[in-house]
Peer 1: 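Quick one: the structure is below, and I'll ask about it shortly.
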Protein chains: 2
Amino acid sequence: MTDYATLLKESGLKATFQRMNILERIEVYGHMSIDTIYEEVIKTHPSLSLATVYKNIILMVEKGVLVEVPITGKKPKYELLKEDHIHLVCTECGDVEDKPQHTVADELFASMTQKENFTLSKQQVNLYGVCNYCKVEEAS
Amino acid sequence: MTDYATLLKESGLKATFQRMNILERIEVYGHMSIDTIYEEVIKTHPSLSLATVYKNIILMVEKGVLVEVPITGKKPKYELLKEDHIHLVCTECGDVEDKPQHTVADELFASMTQKENFTLSKQQVNLYGVCNYCKVEEAS
DNA sequence: CTGACTGCAAACGTTTTGCACGGTA
DNA sequence: TACCGTGCAAAACGTTTGCAGTCAG
């Protein structure tokens, strides 16, 4: 459980209830779209405005509190900035799974950064495929 | 230089001038957004409608002629379906670079597919970072 | 010739904006 | 108290849709 108030203040943002609720919901769910964040937070904070969600997501991405995860054919999702990990993004359901940094992945990063002259940001290594749940669904 | 007419017909689509122009521009540029496709094609085909571009991109992605490449914080780009490769996506300028399939990457795919029960589609391995051009820009 | 495709214009949903009010520090 | 942040409603924007006319096969 993160101290959202401190996190926000360290990023130069005021610790409002709206922002802390947004961060708390994202931490619980892992990865959320704007819509889902809004729908979740109004359950406990019904006066929340969708415009406020938009403004805050943009702001918190700029400040590096949140990270945007793009999804093929769908709206992007947002997660808290956390330690390096790989995203497995399901092309069927859009679900995002975090996987710990992998030694093979490290080699790939080193190779790309050195040989290809392209500095990889490890927070954004997104591999697209079909998750286990959707594989089972497809078979039926 | 691909035979776009045959490619389209094999996918069950009529080979219209609009579609062939769209495919030709995408092949030349490598990766394009809807806007850029429209702006490019009207240069040689001024009566083209933006709605037609939307309809055709959606259709050709469905038919597997085109592949959508999601870009953090930007609109998606589209490329022709081609042999397996890795996408290096620049988080600064949004530019996409293709890199040939890498032996290290193959190991990563095998690992994810076997251990993690997640079937990777090799056409969609997108690594985000900062390209060489933007690195030079940032330094100034 | 016929169904698929196009272009237009309107409709739609999402995101952004401006502003008066309210809350944090 | 001062300013940042919120909520509202309107505006702007990107995308989709319906339809009448056109074209590829």
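Order of the sequence lines fixes the chain letters, A, B, ..., with proteins taken first and strands second; residue numbering starts at 1 for each chain.
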Peer 1: With a 4.5 Å cut-off on side-chain heavy atoms, are Thr6(A) and Lys9(A) touching?
Peer 2: no
Peer 1: Is there a side-chain contact between Lys77(B) and Thr36(B) in this structure, where contact means two heavy atoms from C-beta onward sitting under 4.5 Å apart?
Peer 2: no
Peer 1: When you measure from every atom of DNA chain C, which of residues 65-79 of chain B have a heavy atom less than 4.0 Å away?
Peer 2: none
Peer 1: Report all interatomic pairs (protein N or O, nucleotide N or O of nucleotides 5-8 of chain D) with separations under 3.5 Å.
Peer 2:
unit_1	atom_1	unit_2	atom_2	d
dG5(D)	OP1	Lys14(A)	N	3.2
dG5(D)	OP1	Arg19(A)	NH1	2.8
dG5(D)	OP1	Arg19(A)	NH2	3.4
dG5(D)	O5'	Arg19(A)	NH2	3.4
dT6(D)	OP1	Thr16(A)	OG1	2.8
dT6(D)	OP2	Asn56(A)	OD1	3.3
dT6(D)	OP2	Asn56(A)	ND2	3.2
dT6(D)	O3'	Gln18(A)	NE2	2.8
dG7(D)	OP1	Gln18(A)	NE2	3.3
dG7(D)	OP1	Ser47(A)	O	3.2
dG7(D)	OP1	Ser47(A)	OG	3.4
dG7(D)	OP2	Ser49(A)	N	3.1
dG7(D)	OP2	Thr52(A)	OG1	3.0
dG7(D)	O5'	Ser47(A)	O	3.4
dG7(D)	O6	Lys55(A)	NZ	2.7

Peer 1: How about Glu24(A) and Tyr4(A): does a side-chain donor come under 3.5 Å of a side-chain acceptor?
Peer 2: no
Peer 1: Given atom CG of Asn21(A) and atom P of dT24(C), what is their separation to the nearest angstrom?
Peer 2: 12 Å
Peer 1: In whole angstrom, give the distance that lies between atom CG of Leu8(A) and atom C1' of dA25(C).
Peer 2: 14 Å
Peer 1: Indicate, with a heavy-atom threshold strictly under 4.0 Å, whether Ile58(A) touches base, sugar-phosphate, or nothing.
Peer 2: sugar-phosphate
Peer 1: Taking the side chain from Glu79(A) and the backbone from Gly30(A), do they hold a donor-acceptor pair closer than 3.5 Å?
Peer 2: no
Peer 1: Can you confirm whether the side chains of His31(B) and Asp98(B) place a donor and an acceptor under 3.5 Å from each other?
Peer 2: yes
Peer 1: Looking at side-chain heavy atoms only, is the closest gap between Gln123(A) and Glu83(A) below 4.5 Å?
Peer 2: no
Peer 1: Starting at OH of Tyr38(B) and ending at P of dT15(D), how long is that distance when rounded to a whole Å?
Peer 2: 14 Å
Peer 1: List in chain and number order the residues that pass side-chain contact (heavy atoms from CB on, under 4.5 Å) with Glu62(A), two or more places apart in sequence or in another chain; answer none if no residue qualifies.
Peer 2: Ile58(A), Leu59(A)
Peer 1: Is there a side-chain contact between Gln101(B) and Asp84(B) in this structure, where contact means two heavy atoms from C-beta onward sitting under 4.5 Å apart?
Peer 2: yes
Peer 1: Take atom OH of Tyr54(B) and atom C1' of dG18(D), then tell me their distance rounded to the nearest Å.
Peer 2: 18 Å
Peer 1: Has Thr113(B) got a side-chain atom pairing as donor or acceptor with Ala110(B)'s backbone, closer than 3.5 angstrom?
Peer 2: no
Peer 1: Could you state the NZ-C1' distance from Lys63(B) to dC5(C), rounded to the nearest angstrom?
Peer 2: 13 Å
Peer 1: Mind calculating the distance between CG (Asp35(B)) and P (dC13(D)) to the nearest angstrom?
Peer 2: 13 Å
Peer 1: Of Leu50(B) and Lys9(B), whose closest DNA chain D nucleotide lies nearer the 5' terminus?
Peer 2: Leu50(B)
